[in-house]
Amino acid sequence: MTENCDLPDALIAALRDARHVCILTGAGVSAESGVPTFREAQDGLWAEYNPQDLATPEAFVADPALIWRWYRWRRETVASVKPNPGHVAIATLAERVPQLTLITQNVDNLHQRAGSRDVIEYHGNIFEDRCFADGSLRAGDEQAAVPICTDCGSNLRPGVVWFGEAIPEHAMNQSGSAAVDCDVFLSIGTSSLVYPAAGLANLANQNGAIVAEINPNPTTHAANFDFAIAGNSGLVLPELVDCLAH
Ligand code: OAD
């Protein structure tokens, strides 16, 4: 270990030498901001629903007003919280390495609000409205129970990727290229259960990158990675940035 640094020396050394660092984040990175992770039980109004049953195109077709109520509630939740030290550390790390690609499965904008730029939004962005018919970006009427596309009259939908839907092509391509090209890949705060995002760490591994996971509950993939740091991202990431500086 480096003096005053509890993280593995070899990981810090790999980050110091890295030409290109690639980071994949999941809901755990926003947990310390107060956003419930995807697989945690929901509180209050929505406790009786399973998020996996609401986040599908079929659920939207069956009851668009219900799905809009859920997403507006989630928009309010994420708009009312702040980025945490983990988000800030990732934005800082981007300034300390030659190239950093940040891929997030989160739809909450917290990386951007912490100062990260060019974030690859793998599962979309909850604050966007899109036409259900053709996916184009629209500005919806926030007062309407179900906002309508002024061009074609279809319902608008939240701009997130639902179960059974394809990842946006540009996000898929850029993430795949970054995973292949990077020399260090960090998988942070994700259960690594949902593909294709969960395959990116393995892709990086197969292409020679050092791969580390940061998660208080090591995932089933951890044994295949070079490092599994069992800890909260809001603590581990600032420490990692600090270790790099000394
Ligand atoms: P999950 O809710 O599946 O997993 C969150 C992970 O964060 C778990 O492994 C926790 O152990 C970990 N975690 C909790 N607190 C943490 C902390 N403070 N620091 C670091 N890690 C922490 O969320 P995701 O893996 O992001 O997709 O879920 C992936 C996708 O599944 C989501 O983007 C969503 C969902 O289906 C879509 O909606 C398409």
Side-chain angles (χ1 to χ4, degrees), residues 7 23-43 46 49-60 67 70-71 73-75 77-78 81-90 93 102-111 114 119-128 130 135 157-169 171-172 175 185-202 212-225 227-241:
L7 297 171
I23 295 182
L24 172 70
T25 64
V29 169
S30 296
E32 288 159 87
S33 291
V35 182
T37 61
F38 205 79
R39 285 172 176 75
E40 259 171 9
Q42 303 197 96
D43 293 334
W46 297 94
Y49 293 94
N50 178 346
Q52 301 216 184
D53 296 336
L54 297 173
T56 68
E58 292 78 14
F60 183 74
I67 303 307
W70 186 54
Y71 275 97
W73 173 75
R74 294 184 69 207
R75 281 180 178 180
T77 306
V78 297
V81 303
K82 293 196 177 79
N84 66 57
H87 295 107
V88 173
I90 290 173
L93 185 61
L102 174 57
I103 308 159
T104 188
Q105 296 167 90
N106 301 342
V107 295
D108 58 23
N109 249 0
L110 288 173
H111 283 301
V119 182
I120 300 176
E121 294 177 318
Y122 207 78
H123 289 160
N125 187 310
I126 198 168
F127 294 103
E128 290 177 351
R130 290 187 178 272
R157 55 168 288 172
V160 300
V161 176
W162 283 327
F163 289 100
E165 293 187 317
I167 305 302
E169 202 179 326
M172 192 76 184
S175 313
F185 186 100
L186 304 177
S187 176
I188 311 175
T190 175
S191 57
S192 296
L193 290 172
V194 177
Y195 284 81
L200 290 167
N202 286 334
E213 172 181 279
I214 299 172
N215 194 316
N217 309 301
T219 68
T220 52
H221 299 256
N224 304 326
F225 297 155
F227 301 97
I229 315 285
N232 288 346
S233 50
L235 291 173
V236 174
L237 287 169
E239 186 182 1
L240 188 143
V241 168

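Note that these values count all heavy atoms, side chains included, but never hydrogens, waters or copies made by symmetry. For ligands, and for the atoms within them, numbers begin at 1 and follow the listed sequence. These numbers come from a predicted model, not from an experiment.
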Test item: L237 and I214 side chains (from C-beta on) under 4.5 Å apart, heavy atoms: yes

Taking every non-hydrogen atom, the tightest pair across K82 and S33: O-OG, 2.6 Å

Residue pair I167 / H123, side-chain heavy-atom distance below 4.5 Å: yes

Minimum heavy-atom distance N202-H221, with the two atoms named: ND2-ND1, 4.1 Å

Non-hydrogen side-chain atoms of V35 and L110 separated by less than 4.5 Å: yes

Contact check, side chains of L200 and Y122, non-hydrogen atoms, under 4.5 Å: yes

Near ligand 1, at a heavy-atom separation below 4.0 Å: residues by chain and residue number: G26, A27, G28, A31, E32, T37, F38, R39, Q105, H123, V161, F163, G189, T190, S191, V194, N215, P216, N217, N232, S233

